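Take a look at the structure set out below.
Sequence lines set the chain letters: A, B, ... in the order given, protein chains first and strands last, and positions in each chain run from 1. Keep in mind it's a predicted model, so treat the numbers as computed, not measured.
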Amino acid sequence: MNKAAMPVQLLKIIKEQSETPLPSHLQKENLQHLQEGCDYTNRYIQGIITLSYPLTKLRDGTDFFKIVLQDSDNLSSQINSINVLIYGKMAEDCAKIIRHGETFIVAGFKVVKLPTAREDGRHDCHLEVSEEAGSAIYIYTKPGINAASETASLSVAPKYVYTPLNHLKDGTIVNLYGVVKFFKPPYISKGTDYCSVVTLVDPSNAKLTCSLFNGNLDSLPKIYKVGDIVRFHRIKIREYNGQMQGITSGGFASLTFDGTVGAPVVPRTSSRVYTFMDEEQKTIEELRIWAASNISISGPAAKLSGVQPMLFFDLTCQLVGKAKVDGSSFLLKVWDGTKCPYPTWKVPVEAKDLEGEKVLLQQLRNLAVDILVYDNHVQLAESLKVGSFLRIYSIHTKQASADNKDVSHIEFHLHGGTCYGRGIGVLPESNPDVKELKAFLESVDLTDDLELHLQRCQQLSVTVLTDHQDLSNTELKTITRSPAPQQYRIRAKLRTYKPQKLHQSVKLHCSKCNSLQEVPDRDAFDLILHDSAGTAPNPELHNTSWYESVTWTTQDQKKREIAIHFVKRDEMLQHPEDTLLMIEGGTLKEIWKLAKRFKCVIPVRSTEDDLELLDLSAPFLLQGNVKYYGCKQCSTPKPMKNLSSIAAEQQPSWEPTEIAQVLGIQLLQYVFVMKFTLVDETGALNAYLFDYEKFFQIPASEILTNNFLQQKMQMTMNTLCPPGRKLGDLPWLECFIRSYNVRDEMKNQVYYQIFDTTVAEDVV
DNA sequence: TTAGGGTTGG
């Protein structure tokens with residue numbers, strides 16, 4: 001078995017004799033003789049695992065696992081145990097398979113002496129172990145230790161064979177992997193069991209729909225979203241209507257994994273005993289990558305602030321109240337921290353029938369919404385615990401007119417039946433979406449009385465002027481009848497705006513040629529990176545006076561050559577968060593990772609005599625989440641050595657504008673471009689908003705990568721222009737607008753632009 | 001046994 005695939009080896013012992021002997025070049029080292037600085041490449045330490053700590057991640061994302069080894073040959077000696085610190089893939093593997101009491105052998109470690117002496121009988125050195133350092137780990141597992149657990153006797157566990165979905169045969173019982181393409185969360189069937197219907201796909205492009213039954217809800221797969229990956233053991237295959245279908249058989253067992261590329265590979269299961277090894281982790285990772293380009297995963301589930309009438313959506317929320325309504329319907333009161341922009345329907349129920357914390361329900365009266373669930377969902381709804389986190393699938397938003405025809409309110413229904421996966425799932429607190437939701441709910445300020453807030457918006461203006469307060473208001477009718485250019489102060493209401501999908505409002509603007517362009521998507525960047533990976537790093541350009549270079553070749557089949565050039569600073573200590581680096585041959589993901597860790601990342605490629613920037617359709621600079629682009633028309637890229645002038649500064653701030661300037665790049669700026677339709681008693685006009693960050697007080701450069709800011713902007717727009725209200729109930733905006741002429745061959749057009757205006761501080 | 005995917009009635 002090669003070491004890259006399986007850095008940790010399991011050796012089975014039979015009658016105290018290892019079946020697989022250790023490599024002969026390894027020599028045993030005594031704990032007492034360890035010394036810092038010696039070469040232990042071909043030496044090993046053997047001991048019994050007496051203690052292990054939970055697997056954790058270091059700040060840079062490296063897995064870290066710590067165990068304590070006891071020297072069983074020298075139990076009487078004063079120092080008989082030592083800490084072993086394991087990093088990276090090895091940490092992960094060890095955490096998965098080691099057991100206290102097992103014999104653990106580590107070779108090729110590094111000895112590090114601790115600054116202070118220990119008093120607990122442990123060695124005053126520890127061992128550092130990682131694949132990169134060339135370490136090897138051998139674990140002796142004795143068959144028969146704790147035989148009830150499959151994990152304890154991994155080395156003798158049966159090897160499972162997994163059948164691709166295009167090779168399934170009628171009447172067989174098989175094991176399989178699949179990506180969830182569709183699912184119905186468990187519901188109470190018409191028989192005696194819970195039922196969950198799951199449709200799987202895999203890289204064979206075959207599809208399998210499974211009907212899974214179990215009297216115990218916990219025994220069905222814990223699927224939370226399309227794209228999750230499942231492993232089924234012992235599922236029965238039958239032919240039905242000319243197609244294969246899966247159905248639970250006696251020994252059915254399942255594991256479910258998050259389908260997100262890069263997420264930790266942690267199985268969700270109800271069974272305490274399962275096998276899961278390196279090979280299977282690899283399968284999950286491969287399926288994730290396949291799924292990423294072959295399955296359309298429904299976008300981020302809707303928030304209440306983003307609901308539209310007449311649609312179906314999945315809502316992740318917290319249950320704050322519940323009530324029986326009648327025999328065929330049941331009320332759930334839920335919230336997700338955002339405010340539904342429409343007036344929402346309140347289901348009349350007797351106060352005594354409503355379960356939930358009264359104070360909280362009162363505080364949340366403007367944030368919580370009523371969801372009426374029907375028929376087969378009632379029984380499950382009754383069993384839900386107030387306070388739990390739910391995902392409700394395929395809620396229907398129905399628009400209904402109240403007595404007053406202009407005010408439409410919105411109703412939330414979970415209709416009967418299970419079409420389209422309609423149903424309710426309880427999410428555990430460990431679910432990443434729940435963690436995010438909880439954090440958001442905790443940030444919501446409940447002391448703020450929202451009704452008063454809305455009333456305040458009716459009376460005062462939701463926007464304020466940042467200059468020219470002395471100007472008096474002009475009616476819109478007067479403005480549209482006057483020649484341009486001029487400047488006005490107006491008081492108007494925002495009847496509608498475009499684009500409604502707010503992320504579409506973000507563009508890139510060149511202040512030199514005044515052009516606007518779309519923000520390039522990741523595919524464009526990916527393509528450029530692929531192209532430039534064809535140019536190998538030029539070794540003559542490595543390690544110059546102003547940067548240090550590190551290079552390596554990837555271990556996969558592609559054998560990519562990567563070079564990273566760290567710009568040197570005139571200081572003893574250089575922190576990653578202050579460092580600029582240039583990278584050749586990196587992938588999208590690698591570059592994003594580096595950009596999070598280091599101050600600046602510049603993707604480059606080698607020429608004969610210097611490094612150069614890539615095509616300007618790619619960002620020329622990445623800082624954190626923000627990608628900086630240059631104008632193709634107005635830039636004249638210069639060689640990278642021009643950067644050395646900034647690097648020579650005492651404390652380079654690495655400002656994007658400064659970097660752009662020395663590299664001959666005309667920096668494009670992120671900007672919100674929106675069209676506001678403004679009205680007052682006298683008329684209407686369309687005014688353009690052209691805003692870098694002043695109006696929303698949100699930098700346009702960050703909106704595309706920051707969910708929180710997107711939500712904040714959506715809520716701002718909902719306040720400025722609450723959907724479903726009649727004109728009289730819309731809030732007032734105070735704005736400055738300027739008129740200007742745009743001439744083309746045919747005619748002269750007057751346009752309007754908003755300026756020196758910002759959203760009032762207490763509005764968001 | 002149950003369901004066998006494909007929205008809307010209250």
Side-chain angles (χ1 to χ4, degrees), chain A residues 165 168 170-171 178-201 206-217 219-221 223 225-228 230 232 235-250 252 295-298 301-302 307-315 323-332 344-349 370-381 391-402 408-425:
Chain A
L165 298 184
L168 298 173
D170 185 23
V179 182
V180 175
K181 186 180 176 290
F182 167 81
F183 72 104
K184 292 184 175 183
Y187 59 95
I188 298 160
S189 75
K190 290 186 181 123
T192 57
D193 291 332
Y194 285 97
C195 173
S196 180
V197 173
V198 182
T199 301
L200 304 179
V201 287
K207 193 175 97 170
L208 180 75
T209 298
C210 304
S211 300
L212 311 175
F213 300 100
N214 202 300
N216 177 7
L217 184 68
S219 296
L220 291 170
I223 297 167
K225 52 171 76 160
V226 167
D228 279 352
V230 293
F232 289 168
I235 185 156
K236 187 152 71 183
I237 303 300
R238 291 198 315 207
E239 194 177 324
Y240 176 77
N241 281 345
Q243 285 198 313
M244 291 302 161
Q245 68 166 201
I247 188 155
T248 36
S249 74
F252 176 80
I295 301 246
S296 53
I297 291 167
S298 47
V307 298
Q308 299 286 328
M310 305 300 280
L311 52 69
F312 293 87
F313 72 107
D314 299 344
L315 181 68
K324 187 178 160 58
V325 178
D326 58 45
S328 68
S329 64
F330 195 84
L331 169 66
L332 298 178
T344 64
W345 182 46
K346 296 291 171 201
V347 179
V349 288
D370 284 7
I371 298 176
L372 207 51
V373 313
Y374 295 96
D375 306 335
N376 57 315
H377 307 299
V378 169
Q379 200 184 338
L380 202 131
R391 184 163 290 146
I392 309 180
Y393 299 92
S394 209
I395 298 176
H396 181 208
T397 55
K398 184 178 168 192
Q399 196 164 26
S401 289
S408 54
H409 69 211
I410 209 163
E411 301 178 358
F412 297 94
H413 299 269
L414 188 71
H415 296 293
T418 60
C419 281
Y420 270 84
R422 205 185 284 144
I424 306 171

Minimum heavy-atom distance between A:Thr199 and A:Lys207, given as atom pair plus value: CG2-CG, 3.5 Å
Sugar-phosphate, base or nothing in reach of A:Gly416, heavy atoms under 4.0 Å: base
Integer-rounded Å distance: B:dG10 P and A:Glu411 CD: 9 Å
Nucleic acid footprint by protein, nucleotides 2-7 of chain B - heavy-atom cut-off 4.0 Å, B for base, S for sugar-phosphate alone: BBBBBB
Nearest-Å distance for atom pair NE2/P, residues A:His377 and B:dT8: 11 Å
Separation between the C1' atoms of B:dG10 and B:dG6, rounded to whole Å: 22 Å
Under 3.5 Å donor-acceptor pair, A:His413 side-chain atoms to B:dG9 base atoms: no
Shortest non-hydrogen separation from A:Leu168 to A:Met244 and the atoms involved: O-CE, 3.9 Å
A:Val201 versus A:Lys181, closest heavy-atom pair with distance: CG1-CD, 3.6 Å
Distance-only donor-acceptor pairs under 3.5 Å for side chains of residues 185-196 of chain A, two or more places apart:
| unit_1 | atom_1 | unit_2 | atom_2 | d |
| --- | --- | --- | --- | --- |
| A:Ser189 | OG | A:Gly191 | N | 3.1 |
| A:Ser189 | OG | A:Asp193 | O | 2.7 |
| A:Asp193 | OD1 | A:Gly215 | N | 3.2 |
| A:Ser196 | OG | A:Lys184 | O | 2.7 |

Quiz item: A:Asp375 side-chain donor-acceptor pair to B:dG10 base, under 3.5 Å: yes
C1' spacing across the pair B:dT8 / B:dG4, given as an integer number of angstrom: 23 Å
Sidechain-backbone polar pair: A:His377 side chain, A:His415 backbone, donor-acceptor under 3.5 Å: yes
Chi-based syn or anti call at B:dG5, which uses purine or pyrimidine torsion atoms and a 90° bound: anti
Parallel, tilted or perpendicular: ring planes of A:His413 versus A:Tyr374, cut at 30 and 60 degrees: parallel
